[in-house]
Amino acid sequence: MTLQRCISLISCAGVALGVAATAQAHGEHNGGIQVKPQAGTAAPFDIVHAKIVTEGNVAVFHMHVSGAAGANKPSATGQLGGSTVFSYVWPTTMDPAVVGFDAGSGILAFAVTSHPDFDDTPLFPAPLGAWHSHWVVLKPDQACGKGALKVVDIPSGSKPHLPKTWPGLPILIDSPGWSPSFKGGTVEVRVPFDDIGVVQEAGFDGVTAALRVNASVHNPLLCVADVFKVASGNLSLPGKVNH
């Protein structure tokens with residue numbers, strides 16, 4: 001799999017962004033990927049800054065939007081099939097093996113999500129719809145739409161490597177329980193690592209998006225249905241940790 005196929009997702013979504021710049025100041029938010037506010041993008045998902053920095057063995061995933069981060073959540077449908085997930089996502093160049101998935105299984109991304117119709121944090125109970133964190137592995141799948149991404153499905157009978165906090169869903173997802181914090185336009189999550197060096201060497205991007213559960217609750221189970229904004233404009237993962 002190449003990033004070129006992932007880039008087509010952005011084109012298909014019709015995302016037209018202002019020029020993003022790396023490692024430029026945006027008010028008090030320094031470093032990372034900077035991008036101008038985009039007319040037509042809902043302010044709670046209108047990324048203006050995305051970065052990852054490390055403090056000791058902790059990685060801080062940071063995103064700032066032009067509105068109130070976390071203010072918009074999906075409406076409940078009362079059923080799993082066809083339900084919607086809103087997300088703040090940091091796709092990375094780290095191998096999925098870093099957090100316990102099979103090596104080379106896709107694009108490892110850290111995500112903060114809200115969805116009121118199902119619980120995927122069985123080890124860390126929270127109210128339905130509350131914002132919470134995940135690791136997910138992404139790959140393109142034409143069944144989700146031309147050039148669109150999905151969270152990688154686990155075929156029946158297969159036994160891939162999975163993190164200890166895998167929530168039991170038949171997709172490559174982890175529910176590690178790291179709590180996001182929201183303040184004004186900022187969402188942040190502090191994530192400890194045994195080997196912080198793999199984070200410090202990584203590239204990243206920032207994405208806001210809606211995902212949708214397949215109406216049949218079958219492969220593909222969870223597709224990226226609507227990209228709100230990509231910090232780089234083309235999912236090129238230009239961000240450098242601590243820069």
Side-chain angles (χ1 to χ4, degrees), residues 1-15 41-42 44-45 47 63 72-92 96 99 101-102 104-121 128-129 131-156 158 160 162-163 166-175 204-237:
M1 182 195 65
T2 68
L3 279 177
Q4 291 301 318
R5 292 194 65 192
C6 302
I7 290 170
S8 66
L9 169 67
I10 311 308
S11 299
C12 292
V15 179
T41 300
F45 300 110
I47 304 169
M63 194 177 295
N72 287 11
K73 295 182 178 181
S75 298
T77 65
Q79 59 186 15
L80 175 60
S83 62
T84 299
V85 178
F86 284 174
S87 60
Y88 298 89
V89 187
W90 294 260
T92 77
V99 297
F101 297 108
D102 283 322
S105 51
I107 299 171
L108 181 65
F110 189 71
V112 171
T113 70
S114 171
H115 44 80
D117 291 301
F118 61 97
D119 178 17
D120 56 7
T121 58
L128 286 177
W131 292 100
H132 56 282
S133 65
H134 291 293
W135 287 106
V136 293
V137 180
L138 303 173
K139 272 189 175 180
D141 190 329
Q142 294 297 318
C144 291
K146 185 178 180 181
L149 295 168
K150 72 172 183 179
V151 180
V152 176
D153 294 275
I154 300 174
S156 178
S158 68
L162 296 166
W166 173 63
L169 294 172
I171 51 178
L172 298 187
I173 186 172
D174 183 32
S175 300
F204 69 91
D205 215 323
V207 177
T208 50
L211 295 85
R212 185 162 294 116
V213 178
N214 192 328
S216 66
V217 195
H218 191 61
N219 184 358
L221 176 63
L222 189 58
C223 295
V224 178
D226 188 10
V227 175
F228 302 138
K229 192 169 184 179
V230 180
S232 68
N234 57 10
L235 203 61
S236 56
L237 281 63

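All of these numbers come straight from a predicted model, not from anything done at the bench. Residue numbers start at 1 and run along the sequence shown.
- Nearest heavy-atom pair across Val89 and Pro91 is O-CD, 3.4 Å.
- The distance from the CG atom of Leu162 to the CG atom of Asp102 is 7.5 Å, given to the nearest 0.5 Å.
- Asp205 places a side-chain N or O within donor-acceptor distance of the main-chain N or O of Ser232, the cut-off being under 3.5 Å.
- Listed for the His134 side chain is no donor-acceptor partner under 3.5 Å among the backbone atoms of Val112.
- When atom types are taken as modelled, the side chain of Asn214 and the backbone of Leu221 share no donor-acceptor pair closer than 3.5 angstrom.
- Note that CG of Asn72 and OG1 of Thr208 are 11.0 Å apart. Values are rounded to the nearest 0.5 Å.
- Here the side chains of Pro155 and Asn219 are not in contact, with every heavy-atom distance at 4.5 Å or above.
- Judged purely by atom type and a 3.5 angstrom limit, Trp135 has no side-chain atom pairing as donor or acceptor with the backbone of Leu172.
- The closest donor-acceptor contact from the side chain of Ser114 to the backbone of Gly129 lies under 3.5 Å.
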| message | Phe204 vs Phe110, test: side-chain contact (heavy atoms from CB on, under 4.5 Å). Steps then yes/no. | response | CA-CA 10 Å; Phe204 69 91; Phe110 189 71; over 6 Å; no
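- Nearest heavy-atom pair across Phe101 and Pro163 is CE2-CD, 3.4 Å.
- Between the Lys139 side chain and the Val152 main chain, no donor and acceptor come within less than 3.5 Å of each other.
- Atom OG1 of Thr113 is separated from atom CG of Leu211 by 8.5 Å, given to the nearest 0.5 angstrom.
- Applying the side chain to side chain contact (heavy atoms under 4.5 Å, CB included) criterion to Leu128, with sequence neighbours excluded, gives Asp119.
- When all heavy atoms of Val151 and Leu138 are compared, the pair lying nearest together is CG2-CD2, 3.9 Å.
- Among residues at least two apart or in separate chains, side chain to side chain donor-acceptor pair (under 3.5 Å) pairs with a member in residues 75-89 are Thr77-Asp117.
- Looking at Ile154 and Trp166, their side chains come closer than 4.5 Å, going by heavy atoms from C-beta outward.
- A parallel orientation is assigned to the rings of His115 and Phe118, their planes being inclined by less than 30° (bins at 30° and 60°).
- Nearest heavy atom pair, residue Pro220 against residue Lys150, reads CB-CD, 3.7 Å.
- When all heavy atoms of Leu149 and Pro140 are compared, the pair lying nearest together is CD2-N, 3.5 Å.
- When all heavy atoms of Val230 and Leu235 are compared, the pair lying nearest together is CG1-N, 3.7 Å.
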